[in-house]
Amino acid sequence: MSSSELPEWMETDLQQIREAGLFRSRRTFQPQPGGRCLLEDRELINFSSNDYLDLAQDPRLVSAASEVLTELGVGARASALVSGRTNWHTRLEEQLAEFEGTESALLFPSGYAANLGVISAVAQEEDTIFCDRLNHASLIDGCRLSGARFRVYRHDALEKLKRELAKSTGAGRKFIVTDSVFSMDGISAPLPDLCELADEFRASLIIDEAHGTGVYGKDGRGLAEELGVEDRVTIRIGTLSKAVGCLGGFVAGSATLIDWLWNRVRTQIYSTALPPSICAAACAALQIIQTEPERRTRLQELSQALRSGLRERPHLTVPDSRGPIIPVVLSDPALTMQVASDLQETGFLVGAIRPPTVPQGTSRLRISLTCAHQREDLERFLKALDGSLARNGQSR
Ligand SMILES: *Cc1c(COP(=O)(O)O)cnc(C)c1O
């Protein structure tokens with residue numbers, strides 16, 4: 001292909017994306033305190049943020065970051081392996097290990113980099129990875145990059161996983177990989193059942209607590225804590241970009257695991273370390289997560305309240321889940337975009353999620369709550385949703 005053909009080919013592809021109602025445009029928003037944001041000059045209630053514990057703009061995180069920013073500057077200047085590690089990186093890793101109750105922890109530039117790097121490093125070509133159908137793109141990409149055999153299962157039909165595990169009798173290792181809380185459904189993975197299967201078939205269980213950390217468990221360590229299976233999970237991956245309100249990925253585990261990852265994972269070795277100011281902010285956030293459990297409690301109460309409100313509307317499809325991610329499946333991508341746009345007109349920013357992020361025919365609104373939202377925000381939202389659905393011929 002000559003370089004002049006490239007734009008033409010892309011134009012054709014873009015046209016197809018548009019015709020399928022799947023074109024994604026770029027918009028800018030200004031985050032505001034209190035679970036709000038500004039779009040141009042209008043204030044919207046922001047139901048599309050993963051800042052579940054309202055920490056991204058917490059004055060304690062901001063001042064921790066500002067102090068280090070003034071002292072050490074903006075960028076880390078090198079990968080952690082070369083010379084990008086500061087005392088703040090060490091301190092955050094120690095604090096993460098203490099928080100997670102593990103011997104050690106390791107930072108990554110992002111959760112995406114952690115998932116991609118860890119899975120592609122631990123799984124080899126002769127191995128088999130069992131991957132949930134709803135897993136996050138970063139886990140799926142890690143599976144692909146590893147070159148291992150790759151089997152997709154459904155967490156709501158584990159007999160298939162069991163059969164596949166039983167059939168896999170080769171020399172290679174077996175890995176079961178799953179989100180702990182599925183990001184577009186808010187549904188929890190059946191971690192105890194997966195632990196049983198992992199034990200029975202000598203597989204290693206790798207979980208991604210991106211939406212679990214800070215939100216689930218009495219002490220906020222995630223779904224594995226809540227379900228009492230932390231010690232049975234081989235590798236626990238998390239992100240600092242969601243409930244922790246910052247940026248960065250991490251793995252918590254034994255000293256051996258962490259030393260091995262430090263030596264082997266390419267997304268860690270060949271990428272610049274996190275800015276030290278971000279590490280300082282994340283240290284402050286972990287402290288808050290441990291000392292202010294009321295944030296989690298309030299978040300769960302708000303989530304239950306909105307779910308009950310949605311459930312009172314039997315024409316709506318709301319998956320059976322718990323926690324701050326609440327999808328309303330409208331199926332059709334154009335309808336989903338229209339309702340999201342109506343909601344924006346009436347003052348609410350809600351994610352409109354379409355394929356390929358979710359399976360065909362399951363386009364949805366993805367409402368995500370933070371502990372900064374108010375009950376009356378939820379009431380007003382339900383009214384606005386009713387109005388939009390009625391206008392689009394979708395009422396009961
Ligand atoms: C957001 C997300 C990630 C990626 O984390 P980042 O830190 O934003 O790169 C990984 N896994 C899941 C399930 C996520 O939702």
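Atoms within each ligand, like the ligands themselves, are counted from 1 in listed order. Numbering of residues begins at 1 and proceeds along the displayed sequence.
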Checklist line | Q290 side chain near D219 side chain, heavy-atom distance below 4.5 Å | finding: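 No. Closest side-chain heavy atoms not under 4.5 Å.
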
Item checked: Student check: side-chain heavy atoms of V251 and I235 closer than 4.5 Å ->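 Yes, at least one pair of side-chain atoms sits under 4.5 Å.
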
Checklist line | Shell of residues surrounding ligand 1, defined by a 4.0 angstrom heavy-atom cut-off that is strict | finding: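 Residue list for ligand 1: S110, G111, Y112, N115, H136, S138, D179, S183, D208, A210, H211, T239, S241, K242.
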
Notebook entry, point to check: Do V350 and L382 belong together in a cluster built from hydrophobic side chains that touch within less than 4.5 Å?
Noted result: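 Yes, one cluster joins them.
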
Next item on the list: Could you label the plane-to-plane angle of the F182 and H155 rings as parallel, tilted or perpendicular, counting under 30° as parallel and over 60° as perpendicular?
Entry: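 Rings of F182 and H155: parallel, under 30°.
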
Next item on the list: Consider only side-chain N and O atoms of R91 and T86, and report whether a donor and an acceptor are under 3.5 Å apart.
Entry: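 There is no such pair (donor and acceptor under 3.5 Å, judged by atom type) between the side chains of R91 and T86.
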
Next item on the list: For T239 and S241, test the side chains for any donor-to-acceptor distance below 3.5 angstrom and give the result as yes or no.
Entry: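 Present: a donor and an acceptor within the cut-off.
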
